[in-house]
There are 2 protein chains.
Amino acid sequence: MLELRHLRTLAALQETGSVSRAAKRIHLTQSALSHQIKALQDHYGLAIIRPRGQTVELTDAGRHLVALAGKVLEEIQATERNLAKMSERVSGSLRIALECHTCFDWLMPLMDAFRRNWADVELDLVPGFHSDPVKLLEEGGADVVIGSQSQQRRGIVHHPLFRFEILAVLAPDHPLRGKRLLRAADFADVTLITYPVPEDRIDLILNVLKPAGIHPHRRTAELTVAILQLVASRRGIAALPSWGIKNYVDHDYVIARRIGTHGLWSNLYASTLAETASRPYLRDFLATARNTCFATLDGVIPLEEKQTG
Amino acid sequence: MLELRHLRTLAALQETGSVSRAAKRIHLTQSALSHQIKALQDHYGLAIIRPRGQTVELTDAGRHLVALAGKVLEEIQATERNLAKMSERVSGSLRIALECHTCFDWLMPLMDAFRRNWADVELDLVPGFHSDPVKLLEEGGADVVIGSQSQQRRGIVHHPLFRFEILAVLAPDHPLRGKRLLRAADFADVTLITYPVPEDRIDLILNVLKPAGIHPHRRTAELTVAILQLVASRRGIAALPSWGIKNYVDHDYVIARRIGTHGLWSNLYASTLAETASRPYLRDFLATARNTCFATLDGVIPLEEKQTG
DNA sequence: ATAGATATATGAATGATATTCATGGATTTT
DNA sequence: AAAATCCATGAATATCATTCATATATCTAT
């Protein structure tokens, strides 16, 4: 018989387009989902997915169920929000600080949605980019810090958001365009265009270039579009999250290359004080943040709860 | 975490107004539901039900969840209907024959709903009341017979609908009004007002009066309202399903009394040929029939699948 | 072509957990 | 006061979802 777990599976399947990715997405094994789907298919006497090359695609019946899943899961989230509001007086603040410039892209629509759902919570974006997020939390300067580096400390909880790949961004006619992937040595003679943050906050430098003893010339820009503008104008190379540049790559404005054999990956966390972590509106914020990120951002991978750094 | 089984429980709880009745309704034990509800309450940190005398009532949070259950379960039924339509070419007929006059009351709205959902199925009501329903099915005169008596035969399936009580109906100033319940002897000198069917199709006569050797004078009427009119005019006593007379009793048009110490009960079945039983639209018809009956009819009790006669 | 990587399917074993059983306390009815 | 009815709950049971191990198929790369 149909249960919500089936609907959650179907929703994840739609979002990810593959059984194994969907399994990662909802923290189950590929086998579990495969069994679930088989059970549904046997129950209804209809195919829900159909092999499509190496992966699968939804059938007509599958799309019906996916549509149902969307509606139902949304309704459930809405009433669970209402219950959360009933369970305690929710007036509080959610001041968000960013460690990662690119996150603006997905944060803005998320904040809009949040404001609609939690009118009584004071929502704010802490201006500037801060060198010590943990300190910021402890001193009460912010309620959440969204960042890529999580230094463990008592009383601080790092909620995993997702794992993403950082790609090198080049002008379409850049001399290095022929390479399928870039290695540390390729950065020796280029200008690296980055956000205006210290070197130890830039993954490419910290994890790839510095260990190889390479110190390229740096140039900074505040906004992602400005960086891409400079890249396209052949002023240098940038390293940005894959989802942040997808649109520009798709339109051949720039090209993207993997960094190192397995790529340069980074994890994104939302960090809060332990006491903040239990607040219903914070939990809802995190849940919808993950949802919208997985739904809208490309090449984003779930992160285990226990995983660190 | 919330699952559909919780929502089904909540919906049943709303319909029945008590944990144990809800348990019967969905064929689980009272204990199971009690555990489910406790789990929900612990999960949300909110009371869902609150003791009210011997039974319980829904809290504010409970009503939120019940509302969710209503929406969600309805949406699921709708898409399951769609899937059923996809799984095979559904064009067929559903000709309904009635053994029980009173059933008109709840059958009409049900047929309207069915017509909307299964436009391609030829829906019809077989006129008249038939002495041998099994024969009617086997000869193809009807696809479903709704009746109270289920004679077992190969190739015929009796789908249980519900169990209900048959009450004696009296004029408010009838000499027997003082009795809390009527026994066979009380019927010795009264006129019994019934539908125009043979004696062996009237439960009161078959199971109560005949065994006691009592043969009251009979008078017949075609319609329920006509019977009640005669009763109210002190022309005699009738025996009708509790849910068929509820409105008239509530308005003091007539009064109702239990028959025998434990009451006179009857089971209602929908009988079909075995081959008809598997058709998706028939299954949907039965499901919504049960749903609407339990939701709208008063004092109606679920019937076990295996139970007979 | 062939090996390697990646994706899905599936039977058997495992593990989690929903349900039942047994029971006690509480309320209403006779 | 006793009987009947209802809900709550800890412990035992049973069910069934998930994992594990493994096989097959597809795509990629050398």
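When reading the values below, keep in mind they use all heavy atoms of this one structure, side chains included, and skip hydrogens, waters and symmetry mates. Protein chains get the first letters and strands the later ones, always in sequence-line order, with residue 1 at the start of each.
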inquiry  = Test of understanding: with side-chain contact (heavy atoms from CB on, under 4.5 Å), list the residues that count as partners of A22(A), not counting sequence neighbours.
reply    = A12(A), L13(A), T16(A), L33(A)
task = Apply side chain to side chain donor-acceptor pair (under 3.5 Å) to K71(B) and list each qualifying residue two or more places apart in sequence or on a separate chain.
result = none
remark   = H27(B) atom NE2 is separated from dT15(D) atom P, nearest whole Å, by 18 Å
remark   = To the nearest angstrom, the CG-C1' distance between L40(B) and dA8(D) comes to 15 Å
request  = Round to a whole Å and report the spacing from CD of Q36(B) to P of dC7(D).
outcome  = 14 Å
Just list the side-chain donor-acceptor pairs under 3.5 Å for residues 44-52 of chain A, sequence neighbours left out, or say none.
| from | atom 1 | to | atom 2 | distance (Å) |
| --- | --- | --- | --- | --- |
| Y44(A) | OH | E80(B) | OE2 | 2.4 |
| R50(A) | NE | E57(A) | OE2 | 3.0 |
| R52(A) | NH1 | E57(A) | OE1 | 3.2 |

Under the side-chain contact (heavy atoms from CB on, under 4.5 Å) test, residues paired with A239(A) that sit two or more places apart = I166(A), L204(A), I259(A)
request  = Please report, rounded to the nearest Å, how far the P atom of dA17(D) is from the CG atom of D42(A).
outcome  = 12 Å
ask   = With sugar-phosphate meaning primed atoms plus P, OP1 and OP2, does S20(A) contact a base, only sugar-phosphate, or nothing at under 4.0 Å between heavy atoms?
value = sugar-phosphate
remark   = Across all chains, not counting sequence neighbours, the side-chain contact (heavy atoms from CB on, under 4.5 Å) partners of D250(A) are K246(A)
message = For S278(A), give me all partners under side chain to side chain donor-acceptor pair (under 3.5 Å), at least two apart in sequence or on another chain.
response = none
query = Reading nucleotides 20-30 of chain D 5' to 3', which nucleotides get B (base under 4.0 Å from a protein heavy atom), which S (sugar-phosphate only), which -?
reply = B-----BS---
remark   = Outermost contacting nts on DNA chain C, any atom under 4.0 Å from chain B heavy atoms, listed 5' then 3', are dA18(C) to dT28(C)
ask   = Under a 4.0 Å N-O cut-off, is there an ion pair linking R177(B) with D173(B)?
value = no
inquiry  = Under a 4.0 Å threshold between the charged nitrogen and the carboxylate oxygen, would R183(A) count as salt-bridged to D186(A)?
reply    = no
ask   = Looking for any heavy atom pair under 4.0 Å, which part of the strands does T55(A) touch: base, sugar-phosphate only, or nothing?
value = sugar-phosphate
task = Mind calculating the distance between CD1 (I26(A)) and C1' (dT19(D)) to the nearest angstrom?
result = 14 Å
key: Separation of atom NZ in K38(A) from atom P in dA17(D), rounded to whole Å   = 14 Å
key: Interatomic distance where CE belongs to M1(A) and P belongs to dC16(D) [whole Å]   = 12 Å
ask   = Tell me: CD of E3(A) to C1' of dT18(D), nearest whole Å?
value = 15 Å
query = For residues 252-261 of chain A, which residue pairs qualify under salt bridge (charged side-chain N to carboxylate O under 4.0 Å, His left out), counting only residues two or more places apart or in two chains?
reply = E165(A)-R258(A)
